[in-house]
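To start, the structure under review is shown below, and the notes come after it.
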There are 2 protein chains.
Amino acid sequence: MAVEPVTTSRRERVRAATIDEIKQTALDLMREQETTDIRFTDIARGMGMTAPALYRYFGDRNELLTHLITDAFADLGACIAAAREAVPADDIGGRWVASASAYRDWARSRPQQFALVLGMPVPGYAAPDEGPTTQAAKQAMHELEELFISAATSGRLGAPLVRHASAAMAVCAEDKHPQLEGVVPPETFQAMLQAWASLHGVTSLEAHGHLDWLQPEARDALFLSQVEMIATAAGLPAPKAGYGQPLPKGDGSTDA
Amino acid sequence: MAVEPVTTSRRERVRAATIDEIKQTALDLMREQETTDIRFTDIARGMGMTAPALYRYFGDRNELLTHLITDAFADLGACIAAAREAVPADDIGGRWVASASAYRDWARSRPQQFALVLGMPVPGYAAPDEGPTTQAAKQAMHELEELFISAATSGRLGAPLVRHASAAMAVCAEDKHPQLEGVVPPETFQAMLQAWASLHGVTSLEAHGHLDWLQPEARDALFLSQVEMIATAAGLPAPKAGYGQPLPKGDGSTDA
DNA sequence: TAACGTGTGTGATGCTAAATAACGCAACTG
DNA sequence: CAGTTGCGTTATTTAGCATCACACACGTTA
């Protein structure tokens, strides 16, 4: 930890801090106003500045949103990873429940950011081609893949409920994970995608308010039973503590 | 079919046609521009009118969007129902595959409308309290419920993969379907919600482009295997034709 | 046939917010 | 102490939502 005097100039550090403050203010406004449609004017006023000043830091509104999206992906991935690592490595089922709960809690505690990354982006927002969003989405999902890969390599992954996979699926699996040929069969790859989709489905419905007619306890119960269903269908072992309680929550501490 | 001269005046009919044209133009623009953020100016120009004229028909942009949302719900429900009814009533599994495929096809063929009803609404759009959207969402989902209810009442619904449901879930189930107490046990109600969530998940990921990295054939395979997984987990019988082909597609003929 | 009234569309106008331009200020540099 | 660079400000332009006052057209009524 030697002092490196010139790697980052003072100006650069101040600038980085300002950028962070802009992004944080934008997120705060999103939560306050319950929308992803934030105004440069409001962000600036929230910081005691005027709108044009923000253009020194972001070329336009799209650029700010793109940064928020990539940050959100990284944060989601970090939350999932943290929740997973908080459970002993030999408790695959426990790690699955922890990861899934982190996914849900992240979405519930930041519905706007969730919409930003996994819903339809803000109107007028055009994702850059070969966008950071796509790449970052893969990275976030990789945290879930990690779980399946370690389960498979340690031989603790049972056969999925759907035991057949098409040739196209096998090609895609091999294309995506060439190093896992033979270790993770196509139907397991398929089951992993199913798990992601099902987890995303229940999370998405809840985050967007489509389950509001259920009592909160019933929503919790639905989520846990969904997690159990997914695990069973994917061949993941049961958690050692059972499916009773949501485990330590990965709440919003790693916020972008 | 007697001629009823005065029930709807000529003016009223012309007005209704104009309203339909406005909504259709708005939907066309959404598809063209691939966004839910449509401008009154553009709608008007597309009809050879000017923007202020639209305010004769809709109080403001929100009101138009609300109508589009409720229409979309009705259309989604109609597509699902049509696909379901196209399969013999005794082929529960076939009806499930048809319904799920209709759900997917509807979302794929109208990604903007899908985002409108089941994603996060347009920025700046505030859903009316006790909104038509919530009520219409229930109605659309009822088309899926219908399947489970008829399966259960005819005794062709097996036990779900997750055989236990919490007390809160049981309360909600009874609260929602008081007439089905005893016929549809809480764990089946829970399994139905799981099925909806899982179906929505894979559909949502695909509609929003998060599965674009898969080959189209692999996406089809993933969807079908997901449908099979859901059916198995929910206790629905297998379709008589097997899970091989997507069945007659409920494509976009009932458009709003 | 002529006057009237309702429904409908238009141009003019206000407002808000994104984005740009031109200018002033402060901090570091030699 | 002067020059450079980066940051922030006050105009200004542009675009779109929403409202207003006015004009036209159609159907009705005298």
Side-chain angles (χ1 to χ4, degrees), chain A residues 5-26 28-30 32-68 116 121-128, chain B residues 5-23 25-26 28-30 32-68 121-128:
Chain A
V6 207
T7 46
T8 64
S9 78
R10 166 168 175 76
R11 284 227 128 122
E12 281 168 346
R13 270 174 285 131
V14 172
R15 181 179 176 83
T18 306
I19 288 178
D20 282 347
E21 191 187 347
I22 292 173
K23 293 196 283 196
Q24 190 55 52
T25 307
D28 291 345
L29 284 174
M30 281 188 185
E32 270 179 36
Q33 307 175 192
E34 296 191 349
T35 176
T36 53
D37 190 21
I38 39 162
R39 292 180 263 282
F40 259 38
T41 309
D42 293 344
I43 299 173
R45 191 174 47 229
M47 300 174 61
M49 286 173 40
T50 56
L54 299 182
Y55 288 86
R56 298 280 181 193
Y57 301 93
F58 298 96
D60 60 359
R61 196 158 154 276
N62 265 13
E63 196 176 317
L64 171 59
L65 286 171
T66 299
H67 279 263
L68 290 178
L116 217 47
V122 174
Y125 172 78
Chain B
V6 205
T7 47
T8 64
S9 79
R10 166 168 177 76
R11 284 227 131 122
E12 281 168 346
R13 269 174 285 131
V14 172
R15 182 179 176 84
T18 306
I19 288 179
D20 282 347
E21 190 187 346
I22 293 172
K23 293 196 282 196
T25 307
D28 291 345
L29 284 175
M30 280 188 186
E32 268 179 37
Q33 307 175 190
E34 295 191 349
T35 177
T36 54
D37 190 20
I38 40 162
R39 288 174 252 291
F40 259 38
T41 309
D42 293 343
I43 299 174
R45 193 175 45 230
M47 301 173 61
M49 287 174 39
T50 56
L54 299 181
Y55 288 87
R56 297 284 179 191
Y57 301 92
F58 297 95
D60 60 0
R61 196 159 155 275
N62 265 13
E63 196 176 316
L64 171 59
L65 286 170
T66 300
H67 279 261
L68 290 177
V122 175
Y125 172 77

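When reading the values below, keep in mind they use all heavy atoms of this one structure, side chains included, and skip hydrogens, waters and symmetry mates. Within every chain, numbering begins at 1; the chains are lettered A, B, ... in the order of the sequence lines, protein sequences first and strands thereafter.
In this structure, the nucleotide among C:dG9, C:dA21, C:dG11 sitting nearest to the side chain of B:P52 is C:dG11.
Side-chain N/O atoms of A:T41 include one lying less than 4.0 angstrom from OP1 or OP2 on C:dA18. Taking 4.0 angstrom as the limit, A:Y57 places none of its side-chain polar atoms (N or O) nearer than this to OP1 or OP2 of D:dG6. When the side-chain nitrogen and oxygen atoms of B:T50 are compared with OP1 and OP2 of C:dG9, none of them lie within a distance under 4.0 Å. OP1 or OP2 of D:dC7 has not a single side-chain nitrogen or oxygen of A:R56 nearer than 4.0 Å.
With rounding to the nearest 0.5 angstrom, the CG atom of A:D28 is 12.5 Å from the CG atom of A:D42.
Nucleic acid contact class of A:F58 (heavy atoms, under 4.0 Å, all strands): none. Base engagement by A:Y55 is indicated by at least one non-hydrogen atom pair under 4.0 Å involving a base atom.
If you measure from atom CZ of A:R15 to atom C1' of D:dG6, you get 9 Å, rounded to the nearest angstrom. Across the protein-nucleic acid pair, A:M49 atom CE and C:dA18 atom P stand 14 Å apart, rounded to whole Å. Distance A:I22 CD1 to D:dG8 P: 8 Å, rounded to the nearest Å. At whole-Å resolution of the value, CG in B:D42 and P in D:dA15 are 12 Å apart. In this structure, CG of A:L54 is placed 11 Å from P of C:dA19, rounded to the nearest angstrom. Between B:R61 atom CZ and D:dG16 atom P the separation is 11 Å, expressed in whole Å. If you take CZ of A:R39 and P of D:dG16, they are 17 Å apart, rounded to a whole angstrom.
Ring pair B:F40/B:Y55: centre-to-centre distance below 6.0 Å.
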